[in-house]
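Here the structure is laid out as structure tokens; the discussion comes afterwards.
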Amino acid sequence: MEDDLVIAFQLLLCVLEFFTKRFTPSLLQSPYSEFSLPSSARGTAGANGKAKPRPPEMDVQLLETLCKESDCSVDEVGTHSHTIPSAAASFQIQLMETLSKQYEELYHKNKDFDARLFLVDDETLSPNKTEVEMTPRKNLSGDDVAIPVPQTPIRAAMNSIQQLRVDLTSASDQPSSNLLVYYKNCTVDPTEEIRKRVEELGQVFIKRFAQAVGQHCEGLGRKRFNLGAQLYYKVMESIKLLNNAAFHTSLLACALEVVMATYVASDSVETDLCFPWILDVFRLPAFDFYKVIESFIKAEPTLKHDMMKHLEQCEHVIMESLAWKADSPLFDLLKQSREEGPGEQAEPPATLNQPLHHNHTAADLYLSPVRPSRQPPATEAEPPTPGTKALRSNSLSLFYKKLYRMAYLRLKTLFSHLLTSHPELEPIIWTLLQHTLQNEYELMRDRHLDQLIMSAMYAICKVKNVDLRFKTIVTAYKEMPNTNQETFKRVLIREGQYDSIIVFYNLVFMQKLKTNILQYSSPRPPPLSPIPRIPCSPYKNSPLRVPGSNNVYVSPLKSSRMSPVVMTPRSRILISIGESFGSADKFQKINEMVSSTDWSLKRSLGGGSAPKPLKRLRFDMDGQDEADGSKSSGESTLIQKLAEMSNVTVHDSSEIILIQWGKPSDFLSLPTYKEMKGL
């Protein structure tokens, strides 16, 4: 039927309720035995031929009991209960017909007596429940220790749904009295407009929900929309009221996205209702939705960490691709910014190394660039004064600040997989990428940010005579989190035509930026763009997993483990490998691995052989370098893993590399300098 796990679980509870009422009490444990139907309802009358009528409240109590144990909403589960009897009746008829036909054939074949005469549903034929002797329990001090219930994806989803309902207990799907006061204080009372908009969007949402999940789930869609409306009005009280249709549609969409994401039982389960489904339902531009995300998170203190991460991921998806759709209002803002001249660019590169701090409100972002952000937020949009110069867009400026930082982190991650032996290339690649996003933003229309990152990396390596093939780039790209092979297999070339990343580079990217790319091979290359300021992680000293490995970690050596006097600056590295502490033969194997890779290591340090001359910027299309994702063999596994370590320099083997066998947490006492020197 559907791939919605929550709905499937709710149906399962309805099926359990249906059969629980029809089982004999002797087959049920307490408290469910008291909910079973009388014998007459199961097909056979009792001893006196009459059955006691079943109180209707018992059905409600049974469903409530099942829902309570599973942390489910009775209202939502109840919307499915009417579908079970008819489905069960149909199933029972089909099953009985099949069994009767099979038994009839067997009966005529064996010429035996008809055993169906004895299969009358009578309680006297049900086996009596016998007490089974249990294994003696250990003596426990005090009360019995409760066994923790294992956390499964469906149970985690139910807990999240229950928590959301608790957080919205005091909220209503109608404006509160405080909001009504705010409405009346506006120049134009928006009460009726907001009510009408919510009603219309609700009808659209319910209709599209039923189309995606199933027509019989229309009532369920209405309940989810009501939850979203409750959250919408609750958050609105904390955000400065804005009489702007795009703002209110975005705010309601964000509230509904939180509700819909809460009902997703597992991140690994993809459904038709996942983001950006809500944008398509409301026909809402992704750039408008992006403006409300940060304000929404700040205004809702009860929002759980996993939901904050989800909204942050939605923001990333918007910045990398959705905001760059052909009909996006982002391009209108960029065009307006360019028309204002060089001093009015989206975000000056000089601000990249500044912290990402701002005090923009939702009003600043939705009314921008109509008015400057230093003015107090207005309750409704004010038309620009005729003859005045348009001001820089706050929404565009903040968007580009975040875009630059995300793009640099993506580039840095991919770079760490491919070009650690050429650290001087990272700022050059970043400069080309930043120039492209700022001045050649049309290359992003209906495309993905990662396509420009891979193209910029290949272009700089080509002009700098560094041998890096697109096949190698896409192989490393596939290992990065949250990536899709469609990104490099299907790239827009021209209107309606798509091809691989190689064709895009040759026909579009390189043709547009050829002059700029060649400047980096000249004696006077363009100035480098500032590196975006990235907040430092508070977990800097935690063991880090080596990229591409399962159980290799790197951690800085703590000074308490060995005196700095007996340590060289280059040997303050600790490699932890997930294996118990071994004998000397394991160290010998390490020595053999290092010795066997000594030549290739020194070659990489010493510059290696003479670089290949640059033949042309154009990518070779002779079939020898296709983006097929196949892995290349060359350097040893050890050198590749060492080279991939973030912020770790691979030194000559004459230097000491401390190797410790054990889990990352098992930091045993290290050997002395002399002991290590003898290895």
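Keep in mind it's a predicted model, so treat the numbers as computed, not measured. If you read the sequence from its start, that first residue is 1, and numbering goes on from there.
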What is the distance from atom CZ of Arg490 to atom CD of Gln485, rounded to the nearest 0.5 Å? 14.5 Å
How many angstroms lie between atom CG of Leu66 and atom CD of Gln10, to the nearest 0.5 angstrom? 13.0 Å
Can you tell me how far CD of Gln211 sits from CD of Glu218, rounded to the nearest 0.5 angstrom? 10.0 Å
What pairs of donor and acceptor atoms, side-chain ones from residues 165-176 against any protein atom, are under 3.5 angstrom apart with sequence neighbours left out?
unit_1: Arg165; atom_1: NH2; unit_2: Glu76; atom_2: OE2; d: 2.6
unit_1: Asp167; atom_1: OD1; unit_2: Gln163; atom_2: NE2; d: 3.1
unit_1: Asp167; atom_1: OD2; unit_2: Lys304; atom_2: NZ; d: 3.2
unit_1: Thr169; atom_1: OG1; unit_2: Arg165; atom_2: O; d: 3.1
unit_1: Thr169; atom_1: OG1; unit_2: Val166; atom_2: O; d: 2.8
unit_1: Ser172; atom_1: OG; unit_2: Gln174; atom_2: N; d: 3.1
unit_1: Ser176; atom_1: OG; unit_2: Leu179; atom_2: N; d: 3.4
unit_1: Ser176; atom_1: OG; unit_2: Glu237; atom_2: OE2; d: 2.4

Determine the sole option in Asp499, Leu492, Ile493 for which the side-chain contact (heavy atoms from CB on, under 4.5 Å) test with Phe504 is passed. Ile493
From Leu251 atom CG to Tyr233 atom OH, the distance as rounded to the nearest 0.5 Å: 10.5 Å
To the nearest 0.5 Å, what is the distance between CG on Asp306 and OG1 on Thr262? 7.5 Å
So do the side chains of Glu486 and Tyr498 get within less than 4.5 Å of each other, counting heavy atoms only? no
Would you check if Phe225 and Val198 make a side-chain contact, meaning some heavy-atom pair closer than 4.5 Å? yes
Taking atom CG of Leu201 and atom CD1 of Ile206, what is their separation to the nearest 0.5 Å? 11.0 Å
Of the non-hydrogen atoms in Val292 and Ser250, which two are nearest, and what is the gap between them? CG1-O, 3.8 Å
Atom pairs and distances, side-chain donor-acceptor, residues 310-323, under 3.5 Å, sequence neighbours left out:
unit_1: His310; atom_1: NE2; unit_2: Glu257; atom_2: OE2; d: 2.7
unit_1: Glu315; atom_1: OE2; unit_2: Lys402; atom_2: NZ; d: 3.0
unit_1: Glu320; atom_1: OE1; unit_2: Arg410; atom_2: NH1; d: 3.1
unit_1: Glu320; atom_1: OE1; unit_2: Arg410; atom_2: NH2; d: 2.5
unit_1: Glu320; atom_1: OE2; unit_2: His448; atom_2: NE2; d: 3.3
unit_1: Ser321; atom_1: OG; unit_2: Val317; atom_2: O; d: 3.3

What closest approach, in Å, do Gly228 and Leu256 show between heavy atoms, and which atom pair accounts for it? CA-CD2, 3.7 Å
I want to check something: taking the side chain as every heavy atom from C-beta on, are Phe282 and Ile278 in contact at a cut-off of under 4.5 Å? yes
Using 30° and 60° as the class boundaries, would you call the ring planes of Phe205 and Trp277 parallel, tilted or perpendicular? perpendicular
Answer yes or no: does atom CD of Gln497 have more than 12 heavy-atom neighbours from other residues, nucleotides or ligands under 6.0 Å? yes
Pair Glu64 + Lys68: basic N to acidic O under 4.0 Å: no
Can you name the nearest heavy-atom pair linking Cys254 to Phe296, along with the distance? SG-CG, 3.6 Å
Return the set of residues passing side chain to side chain donor-acceptor pair (under 3.5 Å) with His305 (not counting sequence neighbours), or none when no residue passes. none
Ring-plane angle category for Tyr477 and Phe488, please: parallel below 30°, perpendicular beyond 60°, tilted otherwise. perpendicular
How close do Ala212 and Leu273 get, counting heavy atoms only, and between which atoms? CB-CD2, 3.6 Å
